[in-house]
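I have placed the structure first, in the form of C-alpha cells, so that the comments after it can refer back to it.
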Amino acid sequence: MPSGTPLYMTIAADVRDRIDTEQLGPHTLLPSERELAERHGVSRMTARQALSLLESEGVVYRKPPRGTFVAEPRVRFHIGSFSEEVARMGRRPAAQLLWAEHRPATPAVRRALGLADGAGVHVFHRLRSVDDVPFALETTFLPAELTPGILDEPDDGSLWAVLRSRYGIELARTTAVLESIVLDDATSVQLGVRAGSAGTLLTRSTVDSAGRCVEYARDIYRADRAAFEVSEVLQTHNLSAV
C-alpha cells in the first residue's frame with residue numbers, strides 16, 4: 001500500500017491477501033477485531049473499520065458473537081438471462097413469482113419498449129435465487145401484443161426461453177445499465193440482508209432480430225453476492241487513438 005493509505009485499508013488488504021494466498025474457503029473463521037488490532041498495533045476501532053470495509057465488499061460476513069467468516073464468492077454474471085447464466089455455471093437457478101399482471105404501460109415503459117399510447121404490458125415481479133439463496137428481485141415488462149397468454153406460463157424458469165419457444169421471438173441483443181443503490185427495508189427483507197445494504201440496479205432492454213424491443217426489466221441484485229462481467233470488442237482503429 002502507498003504511504004498515506006489509511007491503516008484500516010492496509011489491514012483490509014492484508015486480510016484479503018490471506019484469504020487468497022491461504023485459499024481460505026467460505027465460512028472459515030477469521031481473526032477477531034482484538035486479534036487484528038494486536039497484530040497490526042492499532043485500536044479496536046481501526047480493526048473494526050477494516051472488517052466493516054470487507055463486509056461491505058462482500059468478502060466477509062459477521063455473526064456476532066461467533067465472529068467474522070469468509071463469505072461465499074460472488075456469482076459472476078454476464079448480462080442476459082438469469083436462469084441461463086446460473087445454469088451455465090453449474091448452479092441451480094430458481095424463480096419465485098411474487099405477482100404478475102396485465103396493465104397499461106407507463107410513459108417510461110412505453111418509451112423503453114417503443115409502444116404506442118394506450119398499449120398494455122405483461123409484468124412479472126419475481127424473486128430470483130441461486131442454490132436457494134436469494135439474489136435478485138426482477139421486474140420484467142413484456143409487450144402484451146407480442147406475448148398473449150404468457151401470464152398462464154409456469155413462472156419458475158427463463159422468460160427468454162418462453163419468448164423463444166412459445167412466441168418464436170429471436171433475441172438479438174440486450175443492453176444494460178448498472179447503478180449502485182442502497183436497498184430499502186422491504187427489499188432488504190426479501191433478499192435476506194440488513195436494511196441499508198448495498199445493491200445493484202440493473203436496467204435492461206432486449207431487442208429481437210427485427211429490431212423490436214421485446215423486454216424491459218429493472219432488476220435489483222444483492223451487491224454482496226453478484227458481480228457482472230462486461231466485455232467489449234475493441235476495433236483496431238480505436239486502439240490506435242489510445
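Keep in mind that what you see is a predicted model, and the values were worked out from it rather than measured.
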First locate atom SG of Cys213, then atom CG of Leu146, and finally report the distance between them rounded to the nearest 0.5 Å. 10.0 Å
Distance-minimising heavy-atom pair for Ala95 and Arg128: CB-NE, 3.2 Å
Using a distance-only test with no angle check, is there a side-chain donor-acceptor pair under 3.5 angstrom linking Thr10 and Thr5? no
Interatomic distance, CZ@Arg92 vs CG@Asp131, rounded to 0.5 Å, equals 5.5 Å
Is it true that the side chains of Arg126 and Thr139 contain a donor and an acceptor less than 3.5 Å apart? no
What I'd like to find out is whether the side chain of Arg62 reaches to under 4.5 Å of the side chain of Ser52, using heavy atoms alone. yes
Heavy-atom check, side chain of Arg204 versus side chain of Thr175, under 4.5 Å: no
In residues 63-77, what donor-acceptor pairs under 3.5 Å come from side-chain atoms, sequence neighbours left out?
unit_1, atom_1, unit_2, atom_2, d
Glu72, OE2, His27, NE2, 2.9
Arg74, NE, Ala223, O, 2.9
Arg74, NH1, Glu57, O, 2.6
Arg74, NH2, Glu57, O, 2.2
Arg74, NH2, Ala223, O, 3.0

Hey, are the side chains of Val214 and Leu142 touching, using non-hydrogen atoms and a 4.5 Å cut-off? no
Can you find a heavy atom in the side chain of Asp20 that is under 4.5 Å from one in the side chain of Asp17? no
Considering only heavy atoms from C-beta outward, does the side chain of Phe124 approach that of Leu97 to under 4.5 Å? yes
How close do Glu33 and Leu51 get, counting heavy atoms only, and between which atoms? CG-CD1, 3.7 Å
At their closest point, which heavy atom of Arg166 faces which heavy atom of Gly149, and how far apart are they? NH1-O, 3.3 Å
Atom pair CG/CE of Leu54 and Met9 - distance to nearest 0.5 Å: 10.5 Å
Going by heavy atoms in the side chains, are Tyr167 and Pro148 under 4.5 Å from each other? yes
Quick one: pull up CZ in Phe82 and OG1 in Thr140 and give me the separation to the nearest 0.5 Å. 11.5 Å
Any pair counted as side-chain hydrogen bond (donor to acceptor under 3.5 Å, both in side chains), so long as it reaches residues 188-202, sequence neighbours left out: Glu55-Arg194
Can you see which heavy atom on Asp219 is nearest to which on Ala217, and at what distance? OD1-CB, 3.7 Å
Side-chain cluster (under 4.5 Å, hydrophobic types only) that Ile181 belongs to, other residues: Leu98, Trp99, Val109, Leu113, Leu115, Val121, Val123, Leu127, Leu137, Phe141, Leu183, Leu191, Val193, Leu201, Tyr216, Ile220
Is it the case that Asp132 and Ser129 place a side-chain donor and acceptor less than 3.5 Å from each other? no
Can you confirm whether Thr174 sits close enough to Trp160 that some side-chain heavy atom of one is under 4.5 Å from a side-chain heavy atom of the other? yes
Nearest atoms (heavy-atom pairs only) where Leu53 meets Arg16: CD2-NH2, 4.0 Å
If you round to the nearest 0.5 Å, how far is CD1 of Ile169 from CG of Leu163? 4.5 Å
Looking only at heavy atoms, which two atoms of Ile11 and His40 are closest? And how far apart? CG1-CG, 3.8 Å
Can a salt bridge be assigned to the pair Arg164 and Glu84 using a cut-off of 4.0 Å between side-chain N and carboxylate O? yes
Test item: Pro31 and Arg18 side chains (from C-beta on) under 4.5 Å apart, heavy atoms: yes
